Amino acid sequence: MKVLVAYASKYGFTRGIADFVADKMRENGVDTIAESVDKVSRPEDYDAFVIGSAVFLGKWMKQAHEFVTKNQQLLAKKPVWLFSSGPTGTSKTDKKGRDLLEASIPYDIADFKRIINPRDHHVFYGGFKVSQHGLGIRLLAKSATVREAMQEGDFRDWTAIGEWATGIAKELESLQRGSN
Ligand SMILES: Cc1cc2nc3c(=O)[nH]c(=O)nc-3n(C[C@H](O)[C@H](O)[C@H](O)COP(=O)(O)O)c2cc1C
């Protein structure tokens, strides 16, 4: 069984999550590689997929969205797990008191549930480093409101990411046992 972790990442935080998921799955005995969605040439060579994207303004990056829609017939027949790397900060709830990770589910996911029926979608905390951005974002980041919504730092929760990846490896193992 060969598994592809396909990701879209603008500033590198999501790539780090994808690499970590692939490492964890290999540690659990699953033949896994992580690759940017732009570089995937033969998706049909894989038996299962983990697909993830950074979230900007409530949406997955265009290339990740297109990877799913372009390959929807293949993905609908395979086990697929999705993840999004989004909220920054340490808060567990948003301003309205809702669970922050739940409230951060990007718009794309409802469509993906309909067209490829993924086994799971998980939102992970991401990261934001002001110096990686252009003047517009650097100026915006000076405002107190933006600083509150977009905290600077690396908020990736490696324990949660590792547990999620290990869970996928276990699920794949039992799927394989079931098909033998
Ligand atoms: C302009 C901008 C808009 C963003 N919009 C959202 C958003 O709508 N929802 C969210 O959860 N995170 C949002 N984020 C946070 C990013 O998704 C997060 O920093 C992510 O980890 C970046 O991943 P990358 O380094 O792989 O590009 C935004 C970040 C920036 C800079």
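Note that ligands are numbered from 1 as they come in the structure, with each ligand's atoms numbered from 1 the same way. Worth saying up front: this structure is predicted, and the values here are computed from it rather than measured.
Of all the listed residues (Y125, Y7, F124, F13), F13 holds the heavy atom that lies closest to atom 25 (O) of ligand 1. Heavy-atom proximity to atom 31 (C) of ligand 1, evaluated over H133, R15, K59, is greatest for H133. Proximity annotation for atom 26 (O) of ligand 1: of I137, D154, L140, T14, T14 comes nearest, heavy atoms only. Evaluated by nearest non-hydrogen atom to atom 7 (C) of ligand 1, the leading choice among L101, V130, L100, L57 is L57.
The contact set between ligand 1 and G12, taken as ligand atoms under 4.0 Å from a residue heavy atom, comprises 24 (P), 25 (O), 26 (O). Annotation for ligand 1: atoms under 4.0 Å from non-hydrogen atoms of G126 are 21 (O). Here is the list of ligand 1 atoms found below 4.0 Å of a heavy atom in G58: 7 (C), 8 (O). Distances below 4.0 Å separate heavy atoms of S9 from the following atoms of ligand 1: 24 (P), 26 (O), 27 (O). Set against the non-hydrogen atoms of A54, the atoms of ligand 1 under 4.0 Å away are 22 (C), 23 (O), 24 (P), 26 (O), 27 (O). Those atoms of ligand 1 with a heavy atom of K10 less than 4.0 angstrom away are 24 (P), 26 (O), 27 (O). Distances below 4.0 Å separate heavy atoms of S85 from the following atoms of ligand 1: 17 (O), 20 (C), 21 (O), 23 (O). Every atom of ligand 1 with a heavy atom of G86 under 4.0 Å away is listed here by number and element: 10 (C), 11 (O), 12 (N), 15 (C), 16 (C), 17 (O), 18 (C).
In this structure, CZ on F49 lies 9.5 Å from CD1 on I116, to the nearest 0.5 angstrom. Here K10 contributes atom NZ and Q132 contributes atom CD; the two are 10.5 Å apart, rounded to the nearest 0.5 Å.
Salt bridge status for D94 with K96: absent, with no side-chain N to carboxylate O gap under 4.0 Å. Between K170 and E173 there is no salt bridge, since no side-chain nitrogen of the basic residue lies less than 4.0 Å from a carboxylate oxygen of the acidic one.
The protein heavy-atom contact nearest to atom 14 (N) of ligand 1 is V55 O, 3.2 Å. For atom 29 (C) of ligand 1, the nearest non-hydrogen atom of the protein is M150 CE, 3.4 Å. The single protein non-hydrogen atom nearest to atom 2 (C) of ligand 1 is F56 CD2, 3.7 Å, given as residue, atom name and distance.
Taking the side-chain hydrogen bond (donor to acceptor under 3.5 Å, both in side chains) definition, one finds that N28 meets it with nothing, sequence neighbours left out.
No donor-acceptor pair closer than 3.5 Å links the side chain of Q72 to the backbone N or O of I115. Without hydrogens or angle criteria, R26 side chain to T32 main chain gives a donor-acceptor distance under 3.5 Å.
By the 30° and 60° cut-offs, the orientation of the rings of H65 relative to F112 is tilted. Classification of the W164-F124 ring pair by plane angle, with boundaries at 30° and 60°, yields perpendicular.
Within 6.0 Å of the CD atom in Q73, the count of heavy atoms belonging to other residues, nucleotides or ligands does not exceed 12.
With contacts defined as side-chain heavy-atom distances shorter than 4.5 Å, the pair Y7/S85 does not qualify.
At least one N or O atom of G127, backbone or side chain, sits closer than 3.5 Å to an N or O atom of ligand 1. Remark: ligand 1 and M61 share no N or O pair separated by less than 3.5 Å (distance only, no angle test).
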